[in-house]
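Read the numbers this way: they start at 1 and go in the same order the structure lists the ligands and their atoms. Note that this is a predicted model, so its numbers are computed, not measured.
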Amino acid sequence: MGILSEAYKEHPVMDSLIVPVDFSSIKDVPESHAWAQSYDFKINSNNDHKELRFLSIPIIDLEDPNVIEHIFSACETWGMFQVTNHGISKHLLKQVEFQSKKLFRLPYEQKIKIVRSPEEATGYGYPRITPFFSKRMWNEGFTIMEKSLVNHAKKVWPNAFQGFCDVMEEYQTRMKHLSNKLMGLLLESLNIPQPAIRESDDDLCTALHLNSYPACPDPNRTMGLAQHTDTFLFTILHQSGNANGLQVFKDGPGWVSVDPVPEALVVNVGDLLHILSNARFPSAVHRAVVNNEKQRLSFAYFYGPPLEFQVSPYLDYPGCKGPVFRSLTVKEYVSIKSKLLDMALPSIKMLPDQNLS
Ligand SMILES: O=C(O)CCC(=O)C(=O)O
Ligand SMILES: [Fe+2]
């Protein structure tokens, strides 16, 4: 069985696109981080449609008797929703926040020791999508996959790595458990008989990515995380510290803010679920903007089937007009996405002229 980090080895990234600047020493936004003024930073609260001002993604109680219908409707309309009653304790969320702050607060020289190497997917650095944009993002992150955690933690805390590792391990275990449950609900909502998406929990492609968006002297000229869709089936995101930043794009209103709701986690549809649902669920286009007051942290848990799993559009539903995408393995899709980013989905479309929106 292949492991996810192997799939990224084929796409090495230049050092300069990985190693972040020392954000703690920057007083003004440098040219390298100044996005064009024409770049669209607006969200719907700025536009004329007053009725759209309070538009927000659905909040779904996982214990609601109609949870399946709610999930279907939210995924079909937004590709994104927030969940409550998800079973992840407030205490654990606080610990993840505490440990992440500890990591990003380390002196620059320490963080540089655990920088992602060009052909690796784990470690410290700029977002993985950096090579696709001419400007750098106002973001430093840390990706954890498989066994990378302990090696990295030992480099920065040789005698005190355990606390960080224990919390991140526990979080990943809980996230996997919640993801398995959500996967069942998502498949049920699409009437897909539970396919053998996994043989064991170890085969699944999962990753935990910690994002830190330092307070920025000029947030209107910088981008925290540029627009993208997530690659795998879905992502569970925790936004910490009550700082807004996440936005989702919806045809019509445009960028809609996804404000943190206490106790709720954000779930967004990724590319593989978009393919599996035969484009009935949009892969949510989202981004993160920054603010000038305080650091914002977010924790994204990506969940996907094993690398060799064949992802095929599910066609057994009323009104189906045939497959929108060709079938492919997770490994092949990860490779295409690493090369093409937002052109990855169009490149595997069966009917190039079909309008999916
Ligand atoms: O920070 C956020 O709110 C978004 C993070 C995200 O989209 C990602 O890590 O893929
Ligand atoms: Fe994302």
Check each atom of ligand 1 against the heavy atoms of [X] and keep those under 4.0 Å away; list them by number with element.
X: Ala300; result: 9 (O)
X: Leu225; result: 5 (C), 6 (C), 7 (O), 8 (C), 9 (O)
X: Tyr213; result: 1 (O), 2 (C), 4 (C), 5 (C)
X: Leu246; result: 3 (O), 4 (C)
X: His286; result: 7 (O)

Among His209, His152, Arg116, the one residue meeting side-chain hydrogen bond (donor to acceptor under 3.5 Å, both in side chains) with Thr143 |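 Going through the options one by one, the only one that passes is His209.
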Are Tyr317 and Val324 connected in a single hydrophobic cluster, I mean Ile/Leu/Val/Met/Phe/Trp/Tyr linked by side-chain heavy atoms less than 4.5 Å apart?
->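 Cluster IDs for Val324 and Tyr317 differ.
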Just give me the atom name: the N, O or S atom of Asp230 closest to the Fe ion (ligand 2).
->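 Considering only N, O and S atoms, Asp230 comes nearest to the Fe ion (ligand 2) through OD1.
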What part of [X], side chain from CB on, backbone N/CA/C/O, both or neither, has a heavy atom under 4.0 Å from ligand 1?
X: Leu237; answer: side chain
X: Thr235; answer: neither
X: Tyr301; answer: neither

Aromatic centroids of Phe72 and Phe281 separated by under 6.0 Å =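 Here the rings of Phe72 and Phe281 have centres that are less than 6.0 Å from each other.
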Would you indicate which of His228, Arg287, Gln227 comes nearest to atom 10 (O) of ligand 1 when only heavy atoms are counted?
->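 Minimum heavy-atom distance to atom 10 (O) of ligand 1 goes to His228.
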Should the ring pair Phe23 and His33 be called parallel, tilted or perpendicular, given that the plane angle runs from 0 to 90° and is split at 30 and 60?
->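 Plane angle over 60°, so perpendicular.
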If you have a sec, work out which protein heavy atom is nearest atom 5 (C) of ligand 1 and how many Å separate them, to one decimal?
->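 Going by distance alone, atom 5 (C) of ligand 1 is nearest to Asn211 ND2, 3.4 Å.
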Judged by modelled atom types alone, do [X] and [Y] share a side-chain donor-acceptor pair under 3.5 Å?
X: Asn291; Y: Tyr213; answer: no
X: Thr235; Y: Asp230; answer: yes
X: Tyr124; Y: Glu140; answer: yes

Are any of the N/O atoms in Arg296 less than 3.5 Å from those in ligand 1?
->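 Yes - when backbone and side-chain N and O of Arg296 are compared with those of ligand 1, one distance drops under 3.5 Å.
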If you measure every N/O of Gln239 against every N/O of ligand 1, is any gap under 3.5 Å?
->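 No: no nitrogen or oxygen of Gln239 is under 3.5 Å from one in ligand 1.
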Less than 4.0 Å between a side-chain N and a carboxylate O, is that true for Lys113 and Glu109?
->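 Salt bridge: no.
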Could you check if a side-chain atom of Asp166 sits within less than 4.5 angstrom of a side-chain atom of Gln95, using non-hydrogen atoms only?
->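 No; the side chains remain at least 4.5 Å from each other.
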